[in-house]
Amino acid sequence: MKPSPPRPKPDPKAPRQPLPLLDPALRHTPAEVALGFTGEQAKIEALRCLQCQKPTCIDACPLNIDIKRFILRMVDGDYAGAHEVISEQSPFPGVCGRVCQHELFCEEACIVGRRWDPVAIGALERFAADHARLRMQELVKGEPRKPTGPKVALVGSGPASLIAAYDLVRLNYRVTIFEALHRLGGVLAYGIPNFRLPREILHEEIARLQNLGVEFVTSFIVGKSATIEELFEEGYEAVFLGTGAGLPYLMEIPGENLAGVYTANEFLTRLNLMEAYRFPERPTPVHVGKRTVVVGGGNSAMDAARWARRLGSETTILYRRGRAELKARIEEIKHAEEEGVRFEFLAAPVALYGDPHGFVTAMECIRMELGEPDESGRRSPAPIPGSEYRIPAETVVAAIGQAPNPTLQRVTPQLHTRRGKIVIDEAGRTSMNLVFAGGDVVRGGSTVILAMKDGRAAAAAIHRALSPNGGNHDQPDH
Amino acid sequence: MINQIIDRRELAPAVTLLEVVAPRIQRRWKAGQFVIVRPTDHSERIPLTIMDSSPERQSISMVVQAVGKTTQETVALQCGEAFADLAGPLGEPATIPAGKRVVCLAGGVGVAELLPVARAYRDAGNQVIVLCGARSNEYRILDTELRAGAGPVHWATDDGSFGFHGNVVALLKTLAGPGAFDEGHVIGPIPMMKAAADATRDWHLKLYASLNPVMIDGTGMCGGCRVTVGDSVKFACVDGPEFDAHRVDFDELARRNGAYRTHERLALEHGNGCRIGLDVR
Ligand SMILES: Cc1cc2nc3c(=O)[nH]c(=O)nc-3n(C[C@H](O)[C@H](O)[C@H](O)COP(=O)(O)OP(=O)(O)OC[C@H]3O[C@@H](n4cnc5c(N)ncnc54)[C@H](O)[C@@H]3O)c2cc1C
Ligand SMILES: Cc1cc2nc3c(=O)[nH]c(=O)nc-3n(C[C@H](O)[C@H](O)[C@H](O)COP(=O)(O)OP(=O)(O)OC[C@H]3O[C@@H](n4cnc5c(N)ncnc54)[C@H](O)[C@@H]3O)c2cc1C
Ligand code: FES
């Protein structure tokens, strides 16, 4: 082995590397917008890390990824090694490198950020993941492993269950994920568009779990296909509920049921899960007219608006608060603007009007003003009387939030809920013995990384409950 | 093998019965519930009502009318082949009272969807009469099963080739009037369900309609199946599909179900190899 050259010194003053982006003029397909660092950029950015004695970023990461160490690997050009370091905590760097709100967690805590721009940890994570794709074959080689420990059922295949599966299968539990839909990933599959998260990335990272021995059952609705009690009767010793917050809120205004009016979930499901953008090659259609109005200010609103733009519609996001209150990732807002999405702040819909065939043609809106901050510190909007006005719209998308889907809760009255959300204690335990929960079903609409944090906590709690003496279940006769 | 078709019979032109291996669904389903099917791995998800089941064969049966692309793909499957996906049982079971005088109304493929509900009425000790509508004699289905499982059956045909000449709601009006029944269940094409609701508004009859809006996920996640019942909006896949017929906004349902008519034609033409100049590549 030839001696490695001396490691260059950190250079935090180098400018934070901008993520190369697809030219906005080319964004009329589902192709990914953020292109990822070049090798040169990855080197510069990795060197911006100070390799702090007390790395605050690691504590700030809800998965406690050893950021310092994986970046050091990258400084050495050892990208496979960087991927391995990340994999100690998370098998999803390709997903998280793209959709996690790093600005709220690791990058917010980054010491470099106190004087300069924080290290682009998210983009580096993604770079390591993309690099690892080249050797995915090697990562998922051979027959899936066959764990031998107790059986654990995870309900829903969103990020909360996926990370729980990773932790549990590594402790040799026999893990089954039950998913209601015909595809895996939860919101990652039906909500987040391809142009933010190419489906191959999701499939490959899920395939790693399969290779580790996690079993996936699709088209299985717990509460309908089987109750929680029946899962226990079938030999599962613990159950985790990661069923998400999939029940869309409606605007509750006249005309909402006109054709061409969608919830963000329906609009995005048609496009992402059913690939309506390929209609009629794919059988599911979607109505996108000349003008689209998307109501809301979160990630779903950005995603729906950006899809509408890609399908050639003049698109407006109507939000009842101001720009500062938008809840989407900053990057997403920027991209939406680059793509020509128009924003109309401090306005809300009051009614929809249609043609004689029942298709929406216009939206009546009202201007809003921000009042005093409420308990949550957010200034709540109030309508300005007499300020109504009308805008044309052939497509309307309501992206105003979601509540937990009630299906499972309805048939499981012993499961304690508050306003539809499953109630848990610090250890992720629900009111039912050996039933745990986490992610959006507990938090309401939240984020990928917090769902993963919950999934990880629940996996640890399940391990404590099923294996009071610790250790992993490597005894085949357990 | 799970999801495998083990029996396939044509009951009438373009109306096919499929029996599918589905042990879990067979154990759990109740009258009025449905499944979501993706016949092939490139198909849409469509809802189909569970008509019957067999514990011995661990199977459920559905009756499918081929009206468009996905239903055609469904009935094109042969014994030995399997659905790509099958999820259920979904929706709430039908409301089944006891000791009541009940009228059941069905039209077209709705006759098959009615069968389990009509049986459940009878099994719960109700007095049941069944009125069915078909285009003509050759479209009549499941007459024997209904007679054996539910009660007397009367037929109406559009062309008069069997039974009453006219539609099933007209037949109802000739056979009965206000006060004749305590409860009813109607399932079929939207205009027929609407007519049934309108005809019985003053009959002091609790009439349930089993609705058939367009569905995507069938799990309450998208809201595409929403219907207006009285002054509230319901998701048919989780709150229904059965609702108080006298309070359903059928006109809205008809408009919503018709919203993709042009697309549906395109999809069909595409499937039939006609490429209509939309080739993206
Ligand atoms: C359009 C959109 C964009 C978003 N963008 C971002 C982003 O960029 N960054 C970010 O951090 N967060 C984003 N979020 C939020 C994030 O996706 C969620 O917080 C996260 O996915 C929650 O994960 P989860 O595992 O709790 O549930 P989910 O991802 O919601 O998955 C739950 C799964 O459970 C299944 N399920 C439900 N009930 C049952 C049942 N009874 N039986 C079996 N399966 C069941 C559902 O079908 C679903 O697949 C976005 C959300 C949306 C809607
Ligand atoms: C709860 C429920 C239970 C159902 N049970 C059955 C059943 O047991 N057997 C059966 O044959 N069908 C049933 N249907 C209807 C069936 O799901 C539709 O016929 C099917 O989705 C049409 O898909 P397609 O691609 O073949 O046709 P498409 O191309 O989508 O449509 C073709 C034609 O059918 C009409 N259509 C589309 N969707 C519906 C619908 N939901 N209801 C009525 N007409 C529709 C369209 O307006 C169009 O004229 C049920 C629907 C629901 C909601
Ligand atoms: S079909 Fe999506 S909510 Fe009912």
Side-chain angles (χ1 to χ4, degrees), chain A residues 29 179-183 187 190-191 218-221 223-227 230 243-250 252 256-270 273-287 354 356-359 398 402 404-407 410, chain B residues 3 24-25 27-28 33 35-38 41-45 68-70 73 83-92 216-228 233 235 238 249 251-256 258-260 262-264 266-271 275-276 278-281:
Chain A
T29 73
E179 167 56 49
L181 296 174
H182 63 279
R183 292 269 184 272
V187 171
Y190 75 74
T218 51
S219 295
F220 193 108
I221 302 114
K224 292 286 186 183
S225 310
T227 60
E230 284 165 322
T243 49
L247 180 74
Y249 288 125
L250 299 176
E252 302 190 14
E256 181 148 36
N257 292 346
L258 289 164
V261 183
Y262 296 99
T263 65
N265 271 6
E266 180 181 358
F267 191 72
L268 293 169
T269 298
R270 282 178 179 270
L273 190 72
M274 307 308 294
E275 301 184 338
Y277 61 92
R278 293 172 70 183
F279 181 86
E281 195 186 321
R282 286 283 182 272
T284 302
V286 65
H287 278 296
H357 306 291
F359 285 82
Q402 280 113 248
N405 188 315
T407 304
R410 266 188 205 169
Chain B
N3 295 0
R24 278 186 190 275
I25 304 176
R27 282 203 299 277
R28 296 189 56 86
Q33 289 187 299
V35 287
I36 290 273
V37 172
R38 280 199 334 134
D41 199 42
H42 52 261
S43 301
E44 285 197 272
R45 304 165 60 92
K69 178 158 175 134
T70 315
E73 287 169 348
F83 291 150
D85 294 290
L86 175 64
L90 297 169
E92 291 293 321
I216 322 266
D217 58 304
T219 68
M221 178 268 274
C222 76
C225 63
R226 60 194 187 272
V227 291
T228 302
V233 175
F235 289 6
V238 287
D249 185 342
D251 293 334
E252 178 186 277
L253 177 60
R255 282 194 301 270
R256 285 182 67 79
Y260 293 96
T262 324
H263 292 97
E264 283 152 1
L266 283 177
L268 206 53
E269 285 165 2
H270 182 83
R275 290 205 128 242
I276 47 175
L278 257 178
D279 217 331
V280 270
R281 256 162 281 163

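Just so we're on the same page: letters track the sequence lines, and every chain starts at 1.
For chain A, the nearby parts of B:Glu44 are the backbone and the side chain; heavy atoms of each come within less than 4.5 Å. Both the backbone and the side chain of A:Thr227 come within contact range of chain B, each with at least one heavy atom under 4.5 Å from a heavy atom of that chain. Heavy atoms of A:Thr407 lying under 4.5 Å from chain B belong exclusively to its side chain. Residue contact with chain B, scored on non-hydrogen atoms closer than 4.5 Å, is absent for A:Leu273. Looking at A:His357, only its backbone comes within 4.5 Å of chain B, counting heavy atoms on both sides. The parts of A:Thr284 that come within reach of chain B are both its backbone and its side chain, each placing non-hydrogen atoms under 4.5 angstrom from that chain. Heavy-atom distances place no part of B:Ile25 under 4.5 Å from chain A, backbone and side chain included. Only the side chain of A:Tyr190 has a heavy atom closer than 4.5 Å to any heavy atom of chain B. Heavy atoms of A:Leu181 lying under 4.5 Å from chain B belong to its backbone as well as its side chain. Looking at B:Leu86, only its backbone comes within 4.5 Å of chain A, counting heavy atoms on both sides. With a threshold of 4.5 angstrom between heavy atoms, A:Val261 approaches chain B through its backbone and through its side chain. Both the backbone and the side chain of B:Asp41 come within less than 4.5 Å of a heavy atom in chain A. Contacts between B:Glu73 and chain A at a heavy-atom distance below 4.5 Å are absent for every atom of the residue.
A:Ser219 contributes no side-chain N or O that, together with a main-chain N or O of B:Asp85, makes up a donor-acceptor pair within less than 3.5 Å. Without hydrogens or angle criteria, A:Arg410 side chain to B:Val238 main chain gives a donor-acceptor distance under 3.5 Å. Checking side-chain atoms of B:Arg256 against main-chain N and O of A:Asn257 turns up a donor-acceptor pair under 3.5 Å. At distances below 3.5 Å, at least one donor-acceptor pair connects side-chain atoms of A:His287 with backbone N or O atoms of B:Ala259. Under a 3.5 Å cut-off, the side chain of B:Arg226 and the backbone N or O of A:Glu256 do form a donor-acceptor pair.
Remark: A:Arg270 CZ to B:Ile216 CD1 distance equals 3.5 Å, nearest 0.5 Å. With rounding to the nearest 0.5 angstrom, the SG atom of B:Cys222 is 13.5 Å from the CZ atom of A:Phe267. Separating the CG atom in B:Leu90 from the NZ atom in A:Lys224 is a distance of 6.5 Å, to the nearest 0.5 Å. With rounding to the nearest 0.5 Å, the separation of OG1 in B:Thr219 from CG in A:Asn405 is 5.5 Å.
Summarising the geometry of A:Pro283 relative to B:Ala267, their closest heavy-atom pair is O-CB, 4.4 Å, with the distance given to 0.1 Å. Scanning all heavy atoms of the two residues, the minimum distance from B:Arg24 to A:Phe220 falls at NE-CE1, 3.2 Å.
With chain A as partner, the option from B:Ala254, B:Ser43, B:Gly220 having the largest number of non-hydrogen pairs under 4.5 angstrom is B:Gly220. Residue with the most contacts toward chain B among A:Ala259, A:Pro285, A:Gly223, A:Ala264: A:Pro285 (heavy-atom pairs, distance under 4.5 Å). Note: B:Gly88 leads B:Gly258, B:Gly88, B:Ala84 in heavy-atom pairs under 4.5 Å with chain A. Counting heavy-atom pairs closer than 4.5 Å to chain B, the top residue among A:Pro406, A:Pro248, A:Gly358 is A:Pro248.
Using a 4.5 Å heavy-atom cutoff, the side chains of A:Leu250 and B:Val233 are in contact.
By the 4.0 Å N-to-carboxylate-O rule, A:Glu230 lies close enough to B:Arg28 to be salt-bridged with it.
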Exercise for the section: Begin from the C-alpha positions of A:His182 and B:Arg45 and carry the test side-chain hydrogen bond (donor to acceptor under 3.5 Å, both in side chains) through to its verdict. Expected result: CA-CA 9 Å; A:His182 63 279; B:Arg45 304 165 60 92; 2.7 Å; yes
Practice task
Start with the C-alpha gap between B:Met221 and A:Leu247, add the side-chain angles, then the distance that decides, and say whether side-chain contact (heavy atoms from CB on, under 4.5 Å) holds.
Solution key: CA-CA 5 Å; B:Met221 178 268 274; A:Leu247 180 74; over 6 Å; no
